[in-house]
Amino acid sequence: MSGSGGCSIVWFRRDLRVEDNPALAAGVRSGAVIAVFIWAPDEEGPYYPGRVSRWWLKQSLAHLDASLRSLGTSLITKRSTDSILSLAEVVKSTGATHLFFNRLYDPISLVRDHRAKELLTAQSIVVRSFNADLLYDPWEINDAHGRPFTTFSDFWNRCLSMPYDPAAPLLPPKRITSGDVLSCPSDILVFEDESEKGSNALLARAWSPGWSSADKALTTFINGPLLEYSVNRKKADSATTSFLSPHLHFGEVSVRKVFHLIRIKQVLWANEGNTAGEESVNMFLKSIGLREYSRYMSFNHPYSHERPLLGDLKFFPWIVNEGYFKAWRQGRTGYPLVDAGMRELWATGWLHDRIRVVVSSFFVKVLQLPWRWGMKYFWDTLLDADLESDALGWQYISGTLPDGRVFGRIDNPQIEGYKFDPKGEYVRRWLPELARLPTEWIHHPWDTPQSVLQAAGVELGSNYPLPIVGIDAAKVRLQEALSEMWQQEAASRAAIENGTEEGLGDSFESAPFPFLQDIQMEVEHEPVRNNPAAAVRRYEDQMVPSISSLLLRVEDEETSLDLRRSTGNNRPEVPTSINVGPELHREASNQGGLQTIQNNNTLPQLNILELQNAEESTAESSSGGRRERDGRIVPVWSPPSSSYSDQFVGEQNGLGSSSSYLRSHPQSHQLMNWT
DNA sequence: ACCCGGTTTTG
DNA sequence: AAAACCGGG
């Protein structure tokens, strides 16, 4: 162990590449390197990666290992339940003096990485982290008053007009001097179980993980489909997307490299007066920007994957109906475009962005299921599952962002169908039972004359379902739900004014949308009028099966201000704001297993982090109930748990999260002007 | 210059 | 659904 004294550990996470990897470069610069990957999925709580995501990770790690070997070292892999303890062990056994890693911005990583820094610094290890995941670190992008932006377009305009460019990509190291890898044996990591192997084998036909295929995908895209990106982006057929998202998720290609290469094209096309090309570049950069924004939001509002950023839907009576949920997952809603999307998702782990919008908006608006269920299902099934991006997407669809969609709007899958899939090819590919239906009827089989159906071999209600909910009925139901929501909201406000309400401990915090436990209890099992589906409405949209939570309180007043002030030359390494205090506030309220968690926080910025209680959730919550059906596309996926009532996370609807919104946008909870 | 109505876009 | 956009009149 000693000979190599002074070596550096490079901790790989979602930066599985050798090019433009600042942490690796720093390691190489300072001498011998030990490259480590630690697999500690328990730390992710309920967000244990889904089958396809794990499949990708496995391939990608193997690829990285091969590259590192060709450069002179290899990747050490560790199985762990505590990354930081494992890091400390690696440090000890290798005699390392430095730790380098690239930053992540999801809430779990923020806390974990900060802890790593504290712990190892205390052991006299030099710890440095780098930005490798974003064009700009979140704290670099602020408005004129030094406050974080709250809408995407402002954020993105600022990014595009920053006084300095994003860091230029680094070349890969020519050679790596290996630390003493023998002193630190790898664990074998198991990413798939027997039952998953068969389905995983199919993935390899369509995808090839690893940084070199990521590079290839990037060049192919830039030299080909990019030009038409703007025109083609409306087609449901995924042939015109970049296919970069899973590569980007695992950091196999650097987003800065993508940005720089795209910009080169942009300049080129601008000079040629190629306006279509320019437009495409802008559209594509925008989707890169959304990815940036998702990290930005996650950093500034670490609850965004769990809670609406705006409190405006706090009292919305979501429909808790497993039957709906199941029909959606299986692609049996009776709406061909939605169903085709859900079948494709299940079969391939992939979905065109447009179709993601269609199926998720259907989920939230027509079925009125709580968005976090849908998000969780995406997490479990998408090849490019990404917590920050998916949270942003679902919140956008649900209308809980200042610039999100208006909640009251229901998209009509039939109309969308003729827009995105005018010939019905997409539907026919994924719904073989409708393959013989003429285009005229393909997106609304329920209107189709019996004779036509018969000729096409379609028997509604038998081999293809009738619509699970009619669009008109859904509109009515949505309006009813909304007026119910307003009533609750008004009642709650009144209760506050009467001083009946306890409040949340924080005076200005609780103003617009107080937590109303009583009302929740009252209405819990009240069936909704005019609701033949016997759906039970609940006021918590925060329930995600099998998630139990601890609330960790975080002090971050000064530090978040620090972050905001810090500029170029002195970038904070790990956001020091994430200072997890030891005191846990967890107030279990007995009834029905509800847990209320109180936020004692009085600080202006969002400053609470919640960690998931790892033990109870992962196994069943992620992939547990899934079974593969050979040759059949219909998914079999059971929800993580059937006991919904005990997962309620108190202090809900992002009072914490939305506080900064409500303060900076006092109007935002009124954005939804229903009447 | 300005208004109108249809169309497109909307993170 | 609402706002921005566009091309006449």
Side-chain angles (χ1 to χ4, degrees), chain A residues 134-135 138 141 148-160 229-235 241-242 245 248 255 275-276 278-301 304-305 308-310 312-313 351-366 371 374-375 378 384 386-416 418-420 422 471-472 474-479 481-483 657 661 665 667-668 670-675:
Chain A
L134 296 174
L135 301 177
I141 308 295
F149 290 103
T150 53
T151 57
F152 171 71
S153 64
D154 292 344
F155 164 82
W156 188 230
N157 287 336
R158 176 68 184 148
C159 289
L160 291 175
Y229 186 78
S230 169
V231 195
N232 282 339
R233 102 199 110 93
K234 298 180 177 173
K235 294 294 230 43
T241 66
S242 70
S245 56
L248 278 168
V255 77
T275 47
E278 274 189 280
E279 176 60 14
S280 285
V281 164
N282 289 335
M283 293 312 300
F284 183 71
L285 284 182
K286 185 175 144 189
S287 58
I288 296 290
L290 285 164
R291 178 184 174 280
E292 297 274 310
Y293 192 56
S294 73
R295 270 71 180 156
Y296 185 79
M297 292 307 267
S298 174
F299 177 81
N300 286 310
H301 308 277
S304 59
H305 64 304
L309 266 324
L310 290 183
D312 48 11
L313 297 183
L351 221 46
H352 189 289
D353 179 58
R354 263 277 133 53
I355 306 301
R356 297 185 194 204
V357 171
V358 169
V359 300
S360 54
S361 133
F362 183 86
F363 186 92
V364 173
K365 308 287 178 60
V366 177
W371 61 269
M375 192 181 106
F378 270 24
D384 58 5
D386 181 285
L387 202 51
E388 296 95 307
S389 295
D390 292 343
L392 183 70
W394 281 90
Q395 296 231 26
Y396 161 63
I397 295 297
S398 306
T400 53
L401 293 172
D403 48 358
R405 284 200 171 186
V406 183
F407 191 83
R409 163 185 166 185
I410 287 191
D411 290 312
N412 187 329
Q414 177 183 340
I415 293 169
E416 310 257 76
Y418 286 107
K419 242 191 259 174
F420 306 138
I471 287 298
D472 290 337
K475 284 183 181 161
V476 171
R477 205 166 65 163
L478 191 61
Q479 278 323 115
L482 286 173
S483 45
S657 326
Y661 273 95
H665 291 255
Q667 83 286 9
S668 32
Q670 299 161 356
L671 278 180
M672 314 282 164
N673 205 356
W674 308 111
T675 41

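Computed from a predicted model, the values in this text were never measured in an experiment. Order of the sequence lines fixes the chain letters, A, B, ..., with proteins taken first and strands second; residue numbering starts at 1 for each chain.
One atom, CE of Met283(A), and another, P of dT9(B), lie 9 Å apart when rounded to the nearest Å. In this entry the distance linking CD1 of Ile397(A) with P of dG11(B) reads 11 Å, nearest Å. When the C1' atom of dG11(B) is taken as reference, atom NZ of Lys286(A) falls 6 Å away, rounded to whole Å. Summarising the geometry, the separation between CD1 on Ile410(A) and P on dA2(C) is reported as 14 Å, rounded to the nearest angstrom.
Among the atoms of the strands shown, base atoms are found under 4.0 Å from some heavy atom of Gly393(A). In this structure, Asp353(A) reaches the bases: a heavy-atom distance under 4.0 Å links it to at least one base atom across the strands shown. Residue contacts shown for Tyr396(A) include a base, since a base heavy atom lies under 4.0 Å away.
Interatomic distance, Leu401(A) CG to Trp394(A) CH2, rounded to the nearest 0.5 Å: 13.5 Å.
Nucleotides dG11(B) and dC6(C) place their C1' atoms 23 Å apart, quoted to the nearest Å.
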Handout entry: Working for side-chain contact (heavy atoms from CB on, under 4.5 Å), residues Ile471(A) and Lys365(A)
Key = CA-CA 10 Å; Ile471(A) 287 298; Lys365(A) 308 287 178 60; over 6 Å; no

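At distances below 3.5 Å, not a single donor-acceptor pair connects side-chain atoms of Arg291(A) with backbone N or O atoms of Glu388(A). Panel note: side chain Gln395(A), backbone Ser304(A); a donor-acceptor pair is recorded below 3.5 Å.
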